[in-house]
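Just so you know, residue 1 is the first one in the sequence shown, and it goes up from there.
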Amino acid sequence: MVDRAAGPLTLPDDWPTRPDRSMALNRMGTFDWDLDSGLLHLDGPALEVFDMRPDDYDERPTTLAPRIPHTESVRLDTLISQALKDGSVSYGAYLRIRRPDGELRWTHTQGHIQRDAEGRPHRIIGIVRDAAQELADATSRLELEAGRRVQTSVVESTTAALAHARTVRDVIDVLKESGGLEHLGATSLVMGLVESGRIRLVAEGPEGSFVPGTRITRIDERYPMSEVVRGLTPRFIESPEDFAESYPELWRHIDHLGITAAAYLPLIAQGQPIGALGLIYGDKNGFTPEDRNLLVALSSSIAQSLQRAVLFEQEHDLAEGLQQAMLPRRIPSVAGAQIAVRYRSARFGRDIGGDWYDVIPLPGGRVGAVIGDVQGHDTHAAAVMGQLRIVLRAYAAEGHSPATVMARASVFLHELDTDRFATCIYAEADLTTGVIQLVRAGHVDPLIRETDGSCRRLPVSGGMPLGLSALFGGLDYSVKSFELKPGQTLVLYTDGLVEQPGTDLDEGMRQLSELVKTGPRDLQMLADRLCEVVDERGGEDDVAVLLLRRRGAYAPQTGGRLQQHVARNDPEALSSARHMIRAAVGAWGARERSDEIELAADELITNALMHTEGGAVVTVRVLPGSQRVLRIDVDDRSSALPHRRDAGEAGVSGRGLLLVDQLADAWGVESRGSGKCVWSEFVIPDSSGR
């Protein structure tokens, strides 16, 4: 106490000091966060805590992201969100920030939440301060207790963070970034996985510590990780001398690293060793019983997470391989169109789902384009996707109408005895006329990119998803027909391209339309750009994209097309069909092959009338292309496929297809939705003599 009798007191001119000066001297700054605008103001001392200059900060929270490790950011966001929701008036937390040189430093932040009359939070005012000295200058007793609490907290927080690890790499990143190594005093870690009687190194420890020949080692070799896996007990190395004496060959390669101690822990899950963890220390001598207990508890949590990660990666690899095998290996070239396809698995969750695409050549030069998404993100979804893609392709190739293709696929999925459903769009395109028929089953609407680059949504009346429509009796799918003009692009995609957390589907569609509008003109580059955006954004869903552009220069000259229906027991119709073929042969410059063409056509028509019920439809046309080819199609309503057979020496039938095979340059059979088509083709000689 001051003796007042000694005389008047002399005080500094600035006594008492201002609060802001007191806070600055103690490395404490203030912040003011307006929740409505999102702006976060930091005063000068607060910026110093973050090692930022005023010119480098624009009062947006995202600017601080490089200074806050991801795990710390998630923990702080969770704390603040909980305080805002439960009506709290304040919160506080210790967190680490990353300085420009990469060093992690402890800080403390505390905020006061201001709410309006209705209780809605609109502002947070608080402080942020450097807590490194606070933790370092505690008394020995408090330091010991605090250290124990921090260690326990590290184990708890690390365990919580490990719960979200999906892969082995995630587990290693959590251990390195969660602060566990720092607060346990370790400078680095090594980790190995047990595989077929060997240990494969997955984390190599400090820089420059790799020992040649240790990438994969046998469990019976003299290494600390091998020892703890064999004995299922930890190995605590308490001094450099202990390390050198126990493992001389290993120590010979790492004695220059300044290692003073190490803890090697077996990673045991369900009673079996799945790996080993080594914590390397540079300024530690010995391990207390508390240290050992904490490390053993930590190893148990790591082992459980590592086992989940290994199983997840195995399932992911299986699903990815299955899905890649189920997707088409190549996309056929389509005359009159450019096509680009892409598939990207989810980056955030690293899951594999049931998204697929397909391009199907159809009779008559048409093409089918399919894109769909099976519910779920697992191996089962990929397997269902593969089966559904195959049957949908088969139904389309048989010549069924688009609505029938979709209805039959829905029935198939319903009868597959699975609880999964699928959304899908099927487009059947005739590139000669540009007419496209679209059927939508619970899928997102397609887009059309115009020749000038503008983009618009193409509304399509849809039915229920595949599987559900069969379950609820809604198999009547409507068909939308429109003309795809030369240069226009049809954009088909799955919902992972437009569905984002925090935004509705319409907003996602607007963003996609803008992306397609401003994207490259080249179709392959545009497909790459769409996938790049998905990769940058991350997300929890996979994405499939199919782009189909009608070529502007594609205008095939077929030379005409003639068709005649021939009924059974109608000699006049048969005679008329023969006259039609003879006239076409003459008009289209094929007189040199008229006998061959007429004889082959007569055999095909006769076969259809004799061996099927109902009549036949005969079509004669010249196919587009550099080489002129005359084609004859004979359609009937029978699904039974014809085949060549030996008629025998005395046989009077069975020689028809043998004749066709000898006379025609090519022939074959195509399944159609209502039956089949038997066709033959003849190359027409060039009358110009070229």
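Here the CG-CD1 distance, from Leu548 to Ile371, works out to 11.5 Å after rounding to the nearest 0.5 Å. We find the CG-CZ distance between Leu64 and Arg98 to be 13.5 Å, quoted to the nearest 0.5 Å. Atom CG in Leu84 sits 4.5 Å away from atom CD1 in Ile113 (nearest 0.5 Å). Rounded to the nearest 0.5 Å, atoms OG (Ser73) and CD1 (Ile68) are 6.0 Å apart. If you take NE2 on His443 and CG on Leu466, they are separated by 10.5 Å, rounding to the nearest 0.5 Å. From Thr63, atom OG1 reaches atom CZ of Arg67 across 11.0 Å, with rounding to the nearest 0.5 Å.
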Test log, rule side-chain hydrogen bond (donor to acceptor under 3.5 Å, both in side chains), inputs Arg75 and Thr78: CA-CA 5 Å; Arg75 185 167 60 86; Thr78 302; over 6 Å; no

side-chain hydrogen bond (donor to acceptor under 3.5 Å, both in side chains) between Gln524 and Arg342, intermediate numbers included: CA-CA 9 Å; Gln524 301 297 332; Arg342 295 292 187 275; 3.1 Å; yes

Begin with the C-alpha distance, continue with both residues' side-chain angles, and end with the deciding distance and a verdict on side-chain hydrogen bond (donor to acceptor under 3.5 Å, both in side chains) for Thr494 and Asp373. CA-CA 7 Å; Thr494 53; Asp373 182 4; 5.5 Å; no

Quick one, His122 with Arg115, criterion side-chain hydrogen bond (donor to acceptor under 3.5 Å, both in side chains). Give me CA distance, side-chain angles, the key distance, then yes/no. CA-CA 6 Å; His122 64 88; Arg115 302 176 184 271; over 6 Å; no

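A salt bridge links Arg99 with Asp51: at least one charged nitrogen is closer than 4.0 Å to a carboxylate oxygen. By the 4.0 Å N-to-carboxylate-O rule, Arg440 lies close enough to Asp445 to be salt-bridged with it. Between Asp34 and Arg123, no side-chain nitrogen of the basic residue sits less than 4.0 Å from a carboxylate oxygen of the acidic one, so the salt-bridge criterion is not met. Note on Glu670 versus Arg631: salt bridge recorded, some NZ/NE/NH1/NH2 to OD/OE distance being below 4.0 Å. For the pair Lys676 and Asp633, the salt-bridge criterion is not met [side-chain N within less than 4.0 Å of a carboxylate O]. The residues Arg457 and Asp506 are annotated as salt-bridged, a charged nitrogen and a carboxylate oxygen being separated by less than 4.0 angstrom.
Ser478 pairs by the side-chain contact (heavy atoms from CB on, under 4.5 Å) definition with Ser461, not counting sequence neighbours.
Between Leu40 and Glu59 the shortest side-chain heavy-atom distance does not fall below 4.5 Å.
Judged purely by distance below 3.5 Å, without hydrogens or angles, the side chains of Tyr343 and Asp355 never pair a donor atom with an acceptor atom. Arg549 and Thr489 share a donor-acceptor pair across their side chains, judged by distance under 3.5 Å alone.
Between Ala403 and Val479, the shortest heavy-atom distance links the atoms CB-CG2, 3.8 Å. Taking all atoms of both residues into account, the shortest heavy-atom contact from Leu362 to Ala396 is CD2-O, 3.2 Å. Scanning all heavy atoms of the two residues, the minimum distance from Leu490 to Pro446 falls at CD1-CB, 4.0 Å. Across all non-hydrogen atoms, the minimal contact from Pro520 to Arg529 is CD-CB, 4.0 Å. Heavy-atom minimum distance, Leu104 versus Pro69: CD2-CG, 3.9 Å. Pro54 and Leu47 get closest at one heavy-atom pair: CA-CD1, 3.8 Å.
For the side chain to side chain donor-acceptor pair (under 3.5 Å) condition, the pairs that include at least one residue of residues 509-523, sequence neighbours left out, are Gln500-Gln511, Glu507-Arg510, Glu507-Gln511.
Under a 3.5 Å cut-off, the side chain of His41 and the backbone N or O of Thr30 do not form any donor-acceptor pair. In this structure, Ser469 contributes its side chain and Leu475 its backbone to no donor-acceptor pair below 3.5 Å. At distances below 3.5 Å, at least one donor-acceptor pair connects side-chain atoms of Tyr477 with backbone N or O atoms of Met464. Here the side chain of His112 pairs no donor or acceptor atom with the backbone of Ile124 at under 3.5 angstrom.
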